[in-house]
Number of protein chains: 2
Amino acid sequence: MPKRVDHTQRRIEIAEALIRVAGRRGLHAVGMRDVAAEADVSLRLVQYYFETKEKLLLFGLQLLAERFGERVAARVTAAEADPSPRATVEALLMAALPTDEESRTFHLLYTSYAVLAVTDQALAAQPFVRDPDAAEDALTKLLRQAQGAGLLSPGANPRLEAVTLLAMSAGLGTSVLVGQRGPEAAAEVLHHQLDRIFQESDHSSRM
Amino acid sequence: MPKRVDHTQRRIEIAEALIRVAGRRGLHAVGMRDVAAEADVSLRLVQYYFETKEKLLLFGLQLLAERFGERVAARVTAAEADPSPRATVEALLMAALPTDEESRTFHLLYTSYAVLAVTDQALAAQPFVRDPDAAEDALTKLLRQAQGAGLLSPGANPRLEAVTLLAMSAGLGTSVLVGQRGPEAAAEVLHHQLDRIFQESDHSSRM
DNA sequence: CTTTTCATGGTACAGCCGTATCAAATTGAT
DNA sequence: ATCAATTTGATACGGCTGTACCATGAAAAG
C-alpha cells in the first residue's frame, strides 16, 4: 500500500488553519482557498480530507469546542491546587472571558457558529447545547461542594447561581469582544458577583 | 419634475425587507436580490436607494437599533404606570429577551452585526457601543432612583448592578436564541436576580 | 519489476454575487 | 405640448465560490 498518512492529524492541521484565518478575518469571510493557503496545502487537499465545506466547518467547530474545553479544564485543575473552592469557580469563569488572543478567537468563532446555527439546520443539529450544559453542570457541582463546606451565602441555589454566572460571563465576554469594555472591567464585575455568592467573611458568629 | 417619492420612506421599506428576510434566513445568507424580492421591487431599485450593499446593511442596522429602542422605551413607559420602580427595571430587561418573533429577530441580527463588526472596520466604526452604553446609563439611573427610595439592598452599587443585569440579560438572550433554554426559564433567572437587588420589606409583589 | 492503492496537484465548470450599463417610463414645470 | 429631471426596469459583466474532473506522484505489495 502507498504512503499512509494519519488522516485525523491532517484534518486537525487543516481545521486549525481554518480557525486561525477565521479568527483573523471572520468566519463569514473564509473560503476553502483561504484555508488551503493558511494550511499551506493545495485546495484539492482540503477537499480530499473534508469533502465539503460544511463538513470542514462542522469539524472546525468540534475542534474549537474541544480545545477550549481542554483549556478551561487545565485552568480549573491548576486552580484546584488552591484549597479554596472559590478559586476554582473563578478560574472556570475567567477562562471563558476573551482576555488573550486564543480565548478571543474562541469567543468570536463560537458566537459566529451559534448565530449560523439559528438559521442553519445542519449546524443546529450539532451539540451546541451540550457544551454549555456541561459547563452548567460542572459549575453547579462546584457550587454545591462549596455549599456543603458552608462557604456559600445562606439560601443560595447552586444551579440557579451557575446559570446566572455563566450567562453573565457570556454577556460580559461579548461586550469585551466588541470593545465595549476591557477584560479587567469584566473581570471586576464577575469578581463582585462571586463576592456576593461566596459570603464567607461577614459571618460574625464563631462559637 | 417627475414623480416625487419620499426617499427616506422608501429606504425604510427596503431596510425592513432586509430585516425580515435576514431574520428568516440569516444575515449571512441575504443578498441584494433577496431584499428586492422581499420588498417586491426590482433589484435596480434597491441599488438606487442604497448604492452599495454595505450602505444597505449599515442603514438596516441603524433602523434595527432604532426600532428596538422604541420598543423598549414603549414598554418601559407602559411599566411606569406601575408605581414600583422594580416593574420598570423588569420591563427594561424583559424587553431585551427574545420572547416573541420581533425580539428574536432583533437578537439574532444584532448579534450577527456585532460578530461582523469584530472583523469589519466599516461596521466597527458604527455606534455599536453607544446603544449598550445608553441602556447601561438608563438602567443605572433607574436603579439609583430605586436606591434613593430605599428599595435596594444595602450597599448596592447601581452602576455595577446595571452592568451585571445587562450582561446577564444578553447572555440569557443568546441562550434562548440557540434553544438552550426557554424564555420562561431565562425570565425566571432574571426575576430571581431582581429579587436579590430589590431587597426591602416584603412588598406585595403582584403577579 | 509491475501493480495497486493512497495522496496530491492543477484546472475547469456552473452558479451566484454585487455592481454597472443601457433604456424606458412617469410626471411636474415651462 | 415639450422638456428634462427623476424614478423604475431589464440585462450584462467580472469576480469569486464551492465542487468535480482528470491526471500524476509515491510507496508498499505481488
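FYI, side chains are in, hydrogens and waters are out, and symmetry mates aren't considered; it's all heavy atoms of this structure. Naming convention: chains lettered A, B, ... in sequence-line order (proteins, then strands); numbering from 1 in each chain.
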Holding to side chain to side chain contact (heavy atoms under 4.5 Å, CB included), I want the full list of residues that pass it with [X], two or more places apart in sequence or in another chain.
X	value
A:R44	A:S42, A:Q47, A:Y48
B:A17	B:R20, B:V35, B:E38, B:A39
B:A124	none

To the nearest angstrom, how far is [X] atom [atom1] from [N] atom [atom2]?
X	N	atom1	atom2	result
A:E54	D:dT19	CD	C1'	14 Å
B:L18	C:dG18	CG	C1'	15 Å
A:M32	C:dC16	CE	P	18 Å
B:H28	D:dT17	NE2	C1'	14 Å
A:K55	D:dG18	NZ	P	16 Å
A:R25	D:dC16	CZ	C1'	14 Å

Please test B:E161 against A:R196 for salt bridge (Lys or Arg N to Asp or Glu O under 4.0 Å), starting from the C-alpha separation and ending with a verdict.
CA-CA 12 Å; B:E161 298 295 351; A:R196 174 183 67 78; over 6 Å; no

Close residues, residues 40-50 of chain A, relative to DNA chain D [heavy-atom separation under 4.0 Å]
A:L43, A:R44, A:Q47

Where each residue is assigned the nucleotide of DNA chain D containing its nearest heavy atom, which of B:R10 and A:G31 is assigned the position nearer the 5′ end?
B:R10

Name the closest nucleotide to the A:K53 side chain, picking from D:dG18, C:dA7, C:dG18.
D:dG18

Restricting to ring pair (Phe, Tyr, Trp, His ring centres under 6.0 Å), what partner residues turn up for A:F106, sequence neighbours left out?
A:F68, A:Y110

Does OP1 or OP2 of C:dA7 have a side-chain N or O of A:H7 closer than 4.0 Å?
yes

Applying salt bridge (charged side-chain N to carboxylate O under 4.0 Å, His left out), name anything that partners B:D40, two or more places apart in sequence or on another chain.
none

